[in-house]
Amino acid sequence: MAHGAREEYVEQVLSVVERIPAGRVMTYGDVAEFLGKGGPRQVGWVMSHFGGAVPWWRVVRADGRPADCHAGEAIRRLRAEGTPFAGLASERVDMARARWDGA
DNA sequence: AGCCTGACAGATA
DNA sequence: GTATCTGCCAGGC
């Protein structure tokens, strides 16, 4: 389809994010690597424009911290669904326990 | 084409 | 711990 490449990529990114179980997270890089195309920045681009329809708070940066522009809201939602954090007062997700590979 | 920007990542100081 | 740089891929001008 025309300009379909972009929309198709958007669809694929959103479908992966949609499948992330509650209490788990994926990094931007993980999503891109799982799809086998694009990169962390492309996933970020998709989320910024179409992420509103999926559990966007389950996509975090590689260090376990949500993106800066919605950090507070994301952390609140992650805590609400029982996502493990690096510390009680930490704003970083415990990646060793919460990281999901997409399988 | 060139240049800047970005919900990123890794390395380095 | 923070600050900065480079690599990455795509969009907008």
Side-chain angles (χ1 to χ4, degrees):
Chain A
M1 315 153 193
H3 61 283
R6 193 173 67 188
E7 294 191 352
E8 185 181 327
Y9 187 67
V10 171
E11 293 284 324
Q12 293 178 341
V13 170
L14 295 182
S15 81
V16 171
V17 175
E18 210 164 42
R19 287 171 33 216
I20 303 176
R24 308 297 295 281
V25 299
M26 277 182 90
T27 70
Y28 294 88
D30 285 344
V31 175
E33 191 176 335
F34 180 81
L35 293 176
K37 55 184 190 179
R41 310 200 74 145
Q42 277 50 254
V43 174
W45 179 84
V46 172
M47 295 304 287
S48 71
H49 289 274
F50 308 97
V54 295
W56 51 265
W57 57 91
R58 294 177 191 153
V59 183
V60 300
R61 288 168 39 171
D63 63 358
R65 240 195 51 172
D68 291 335
C69 65
H70 58 230
E73 181 67 11
I75 291 171
R76 195 175 67 81
R77 288 174 178 271
L78 288 168
R79 287 191 187 285
E81 61 187 31
T83 309
F85 273 75
L88 291 178
S90 177
E91 55 181 22
R92 281 189 300 110
V93 171
D94 183 347
M95 296 307 284
R97 288 202 293 159
R99 197 173 200 171
W100 188 63
D101 56 13

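As the structure is a prediction and not an experimental result, all values here were calculated from the model. So that the names make sense, note that chain A is the first sequence line, chain B the second, and so on, each numbered from 1.
For A/S90, the side chain to side chain contact (heavy atoms under 4.5 Å, CB included) criterion is met by A/A86, A/R92, not counting sequence neighbours. For A/E91, there are no side chain to side chain donor-acceptor pair (under 3.5 Å) partners, not counting sequence neighbours. Residues passing the side chain to side chain donor-acceptor pair (under 3.5 Å) test with A/D94, sequence neighbours excluded: A/R97.
Residue pairs meeting the salt bridge (Lys or Arg N to Asp or Glu O under 4.0 Å) criterion with at least one partner in residues 10-20 of chain A, sequence neighbours excluded, do not occur; the list is empty. Applying the side-chain hydrogen bond (donor to acceptor under 3.5 Å, both in side chains) definition to pairs two or more places apart or across chains, those involving residues 75-84 of chain A are A/W57-A/E81, A/R58-A/E81, A/E73-A/R76, A/E73-A/R77. Listed by first and then second residue, the ring pair (Phe, Tyr, Trp, His ring centres under 6.0 Å) pairs that reach into residues 64-95 of chain A are A/W56-A/H70, sequence neighbours excluded.
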Please tabulate, one pair per line, all N/O donor-acceptor pairs under 3.5 Å involving side-chain atoms of residues 38-46 of chain A, not counting sequence neighbours.
from  : atom 1 : to    : atom 2 : distance (Å)
A/W45 : NE1    : A/H49 : NE2    : 3.3

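Shortest non-hydrogen contact noted between A/L35 and A/Q12 is CD2-CB, 3.7 Å. Of all heavy-atom pairs spanning A/P66 and A/A71, the tightest one is CB-CA, 4.1 Å. Summarising the geometry of A/V13 relative to A/M47, their closest heavy-atom pair is CG1-SD, 4.3 Å, with the distance given to 0.1 Å. The minimum heavy-atom distance between A/L14 and A/V54, with the atom names listed, is O-CG1, 3.7 Å.
A 4.0 Å heavy-atom criterion places the boundary nucleotides of DNA chain B facing chain A at B/dG6 to B/dG10, written 5' to 3'. Of all nucleotides in DNA chain C having an atom under 4.0 Å from a heavy atom of chain A, the first and last in 5' to 3' order are C/dG7 to C/dG11.
Across residues 73-103 of chain A, not one residue has a non-hydrogen atom less than 4.0 Å from an atom of DNA chain B. Near DNA chain B, meaning a heavy atom under 4.0 Å from it, residues 14-35 of chain A has A/T27, A/Y28, A/G29 in order of number. For the segment residues 40-53 of chain A, residues with any heavy atom less than 4.0 angstrom from an atom of DNA chain B are, sorted by number, A/P40, A/R41, A/Q42, A/G44, A/M47, A/S48.
Within 6.0 Å of the CD atom in A/E33, the count of heavy atoms belonging to other residues, nucleotides or ligands does not exceed 12.
The same atom, C1', is picked in C/dC13 and in B/dA7; the two are 22 Å apart, to the nearest Å.
Judged by distance alone, with hydrogens and angles left aside, the side-chain atoms of A/R24 form a donor-acceptor pair with the main-chain N or O of A/R99 at under 3.5 Å.
Of the inter-residue distances, the one linking A/F34 atom CZ with A/W100 atom CH2 reads 6.5 Å to the nearest 0.5 angstrom.
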